[in-house]
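Read through the structure below, which is laid out as structure tokens, and then see the notes.
Residue numbers start from 1 in every chain, and the chains themselves are labelled A, B, ... in the order their sequence lines are given, proteins ahead of strands.
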Amino acid sequence: EAGVAQSPRYKIIEKRQSVAFWCNPISGHATLYWYQQILGQGPKLLIQFQNNGVVDDSQLPKDRFSAERLKGVDSTLKIQPAKLEDSAVYLCASSEVKNYGYTFGSGTRLTVV
Amino acid sequence: GENVEQHPSTLSVQEGDSAVIKCTYSDSASNYFPWYKQELGKGPQLIIDIRSNVGEKKDQRIAVTLNKTAKHFSLHITETQPEDSAVYFCAASKRAAGNKLTFGGGTRVLVKP
């Protein structure tokens, strides 16, 4: 089966600019997650969707981050305006509702200068 | 919320030796404990997992043990090979929390030929 697709792979922006990341989960996976991984740390959950509804966004900095999952398939994560501390790898993962295991995409590496 | 601590942060072993990584978790309700391997420029890849009704699980050269009473679990890699060099993450989740994974800080493993 095809894996979790993410784009772009890399992005460099200046602080205060905006940026968007895209994720296409594995077909049939109802649950989609966005994680932020700062260099040298473990991934931290930003937001979790089940189908097109938000399950958990308690760690999402809502003043600058937003995410949507239209039609319960693809998802976009947006940052506006970006700060230097947003430099990280943004990982998308998906899973079936009945299973515990995740499949991660390769991530988008964001550098804010 | 859940907190996962992982040790050591770096581990250097000679090819053929064993490697052990240990994690502790704080939430006694957690019931699923996966281990991920992350290679440079890639997303985390699930290598083995264990549920709370099992004390040990083995898959070829890797094994995971779980001590629910002490709230810790460990990854054991035997007969290490250079391709085992990567960053390893432990994580914990519980079904009641929507399978949200909380990750440890990671262990960088270097296998020296």
Test of understanding: clusters of I, L, V, M, F, W, Y form through side-chain heavy atoms closer than 4.5 Å, transitively. Do B:Leu11 and B:Phe73 belong to the same one? yes
Exercise for the section: For A:Leu39, look at atom CG and say whether over 12 heavy atoms of other residues, nucleotides or ligands are found less than 6.0 Å away. Expected result: no
If one checks every heavy atom of A:Arg9 against chain B at 4.5 Å, the contacting part turns out to be side chain
Exercise. Assess whether atom NZ of A:Lys62 is packed by more than 12 heavy atoms of other residues, nucleotides or ligands within 6.0 Å.
Key: yes
**Message:** When you group the ILVMFWY residues by side-chain heavy-atom contacts below 4.5 Å and let the links chain together, are A:Leu32 and A:Val4 in the same group?
**Reply:** no
Tell me whether B:Val87 shares a hydrophobic cluster with B:Val4, the cluster being built from Ile, Leu, Val, Met, Phe, Trp, Tyr side chains joined at under 4.5 Å.
no
Rounded to the nearest 0.5 Å, the OG atom of A:Ser106 sits from the CD atom of B:Glu39 at a distance of 11.0 Å
Within residues 101-113 of chain B, the residues sitting under 4.5 Å from chain A by heavy atom, in sequence order, are B:Leu101, B:Phe103, B:Gly104, B:Gly105
Applying a strict 4.5 Å limit to non-hydrogen atoms, the region of A:Tyr35 in contact with chain B is side chain
>> I'd like to know whether CD of A:Gln41 has more than 12 heavy-atom contacts from other residues, nucleotides or ligands below 6.0 angstrom.
In response: yes
Okay, A:Gln50 and chain B: the region with an atom under 4.5 Å from a heavy atom over there is neither
Original post:
Heavy-atom count around B:Gln60 CD within 6.0 Å, excluding the residue itself: above 12?
Top reply: no
The reported gap from CG in A:Leu45 to NZ in B:Lys100 (rounded to nearest 0.5 angstrom) is 6.0 Å
Next on the checklist: Would B:Tyr36 and A:Phe104 count as a ring pair (Phe, Tyr, Trp, His ring centres under 6.0 Å) here? Give the steps.
Outcome noted: CA-CA 10 Å; B:Tyr36 286 84; A:Phe104 280 90; 5.5 Å; yes
If hydrophobic clusters are built by linking Ile, Leu, Val, Met, Phe, Trp and Tyr wherever their side-chain heavy atoms come under 4.5 Å apart, do A:Ile13 and A:Leu77 end up in the same one? yes
* Report yes or no: do B:Ile47 and B:Ile77 belong to one cluster of Ile/Leu/Val/Met/Phe/Trp/Tyr joined by side chain heavy-atom distances under 4.5 Å? => yes
Most contact-rich option vs chain B, by heavy-atom pairs under 4.5 angstrom, among A:Gly42, A:Gly107, A:Pro43, is A:Pro43
Most heavy-atom pairs under 4.5 Å with chain A, out of B:Pro34, B:Gly41, B:Cys90, B:Ser93, belong to B:Gly41
For residues 63-70 of chain A, which side-chain N or O atoms pair as donor and acceptor with protein atoms under 3.5 Å away, sequence neighbours left out?
residue	atom	partner	partner atom	Å
A:Arg64	NH1	A:Pro81	O	3.0
A:Arg64	NH1	A:Asp86	OD2	2.5
A:Arg64	NH2	A:Asp86	OD1	2.9
A:Arg64	NH2	A:Asp86	OD2	3.4
A:Arg69	NE	A:Gly72	O	3.3
A:Arg69	NE	A:Val73	O	2.9
A:Arg69	NH1	A:Ala30	O	2.5
A:Arg69	NH1	A:Asn51	O	2.9
A:Arg69	NH2	A:His29	O	3.1
A:Arg69	NH2	A:Gly72	O	2.9

On a heavy-atom basis, the closest approach of B:Pro44 and A:Leu91 is CD-CD1, 3.8 Å
Cut-off 4.5 Å, heavy atoms of chain A, and the answer for B:Gln45 is neither
Checklist entry - Are any of the side-chain heavy atoms of A:Gln37 and B:Phe89 separated by less than 4.5 Å? => result yes
